Amino acid sequence: MKSLLFSRFLLLLPWVLVVIVVLDIDSSRAPLPALAPRGGGRPAAARAPPQRRREAALPTIYAITPTYSRPVQKAELTRLANTFRQVARLHWILVEDAAARSELVSRFVAGAGLPCTHLHVATPRRYKRPGLPRATEQRNAGLAWLRQRHQHLPPPQPGVLFFADDDNTYSLELFQEMRTTRKVSVWPVGLVGGRRYERPIVENGKVVGWYTGWRADRPFAIDMAGFAVSLQVILSHPKAVFKRRGSQPGMQESDFLKQITTVEELEPKANNCTKVLVWHTRTEKVNLANEPKYHLDTVNIEV
Ligand code: UGA
Ligand code: MN
């Protein structure tokens with residue numbers, strides 16, 4: 001009897017191992033072969049060694065994306081992954097606004113085909129109100145992970161961090177621009193602040209003001225999508241975080257940037273801030289008026 005049980009266990013062992021490997025979500029997996037990004041359609045032999053070497057020399061771009069459960073979530077993440085998959089050496093830090101990792105996002109991450117770290121932290125109920133800043137805790141969780149990961153790795157690998165909300169639209173050129181960030185870089189953002197775009201005003205290669213139609217008194221009149229920070233700066237300012245206390249609507253960016261840089265120090269990108277390479281698009285709330293109250297379909301489909 002015992003030996004029968006033992007042989008059953010041996011038969012099951014490979015499957016147990018497969019399940020453990022699949023569940024290892026916090027990994028910097030290489031892209032899935034079927035989804036191998038970059039390198040176009042050229043044969044593997046033609047691109048492998050030199051391109052790999054060039055890519056290994058690039059600073060890693062860390063994209064911190066807060067995300068929360070809603071009907072359009074998977075669609076947003078799909079759009080984002082389709083962009084990020086085309087960017088060399090990009091590490092996606094996806095932070096769910098939830099008490100636990102959801103199955104939907106976990107499955108999504110496992111098949112996303114790019115290096116991804118999946119974190120979660122729930123926004124306290126008292127902060128889930130209109131007019132209050134969103135995603136403060138999630139961005140801070142991403143920052144904490146980044147700092148912790150590099151704590152024991154002297155000297156830090158070159159890297160660039162930016163905050164990529166899940167509903168914006170990102171051109172591939174944006175990543176080429178931000179990759180050369182030395183400390184903190186800035187660029188225009190389209191469709192934001194009640195205007196077609198907002199942008200830093202540049203004179204002689206320096207930021208001297210802001211073209212904006214909304215709260216021009218902000219020290220850094222820029223959306224979250226309009227700047228990137230080098231990993232060095234993040235590590236050398238270990239206390240720089242997004243704050244709940246005293247933070248007014250629309251001031252999160254300024255409050256954060258004030259802790260790590262000055263306007264004079266900013267590095268203008270996108271042709272001296274004259275090109276829009278990212279858009280603050282917002283997805284319409286979906287109409288579910290005809291959705292049945294109880295499950296009617298014969299199958300259960302993830303949307
Ligand atoms: C604007 C800015 O572009 C955001 O960077 C800023 O966080 C936000 O205002 C704010 O008010 O705090 P907006 O389009 O109004 O953006 O905000 P959302 O796109 O709805 O949310 C920003 C990010 O936070 C998204 O990635 C979204 O998925 C996430 N989020 C939103 C959560 O994680 N939890 C929420 O409850 C709401
Ligand atoms: Mn948004």
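Given the structure is predicted, the values throughout are model-derived calculations rather than measurements. Counting convention: from 1, in listed order, for ligands and their atoms alike.
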Is a side-chain N or O of T136 found less than 3.5 angstrom from the main chain of K243, in a donor-acceptor match?
no
Under 6.0 Å between ring centres, would you say that holds for Y62 and H150?
yes
Near the Mn ion (ligand 2), which protein N/O/S atoms are found at less than 2.8 Å?
D167 OD1, D167 OD2
Backbone N/O of N271 and side chain of T274: donor-acceptor pair under 3.5 Å
yes
I'd like to check F175 versus T83 (side-chain heavy atoms, cut-off strictly below 4.5 Å). Are they in contact?
yes
Taking side-chain contact (heavy atoms from CB on, under 4.5 Å) as the test, write out the residues that go with A135, two or more places apart.
P66, Q138, R139
The criterion is side-chain contact (heavy atoms from CB on, under 4.5 Å); which residues satisfy it with V72, sequence neighbours excluded?
R70, E76, T283, V286
Side-chain donor or acceptor of S230 paired with backbone N/O of V233 under 3.5 Å:
yes
Sub-3.5 Å donor-acceptor pair from the side chain of Q176 to the main-chain atoms of L172, do we have one?
no
Looking at L277, is its backbone amide N or carbonyl O close enough to the side chain of E173 to form a donor-acceptor pair, meaning the two atoms are under 3.5 Å apart?
no
Ligand 1: protein residues within heavy-atom distance under 4.0 Å:
P66, T67, Y68, R70, D97, K128, P133, R134, A135, R139, D165, D166, D167, D223, M224, Q252, H280, R282
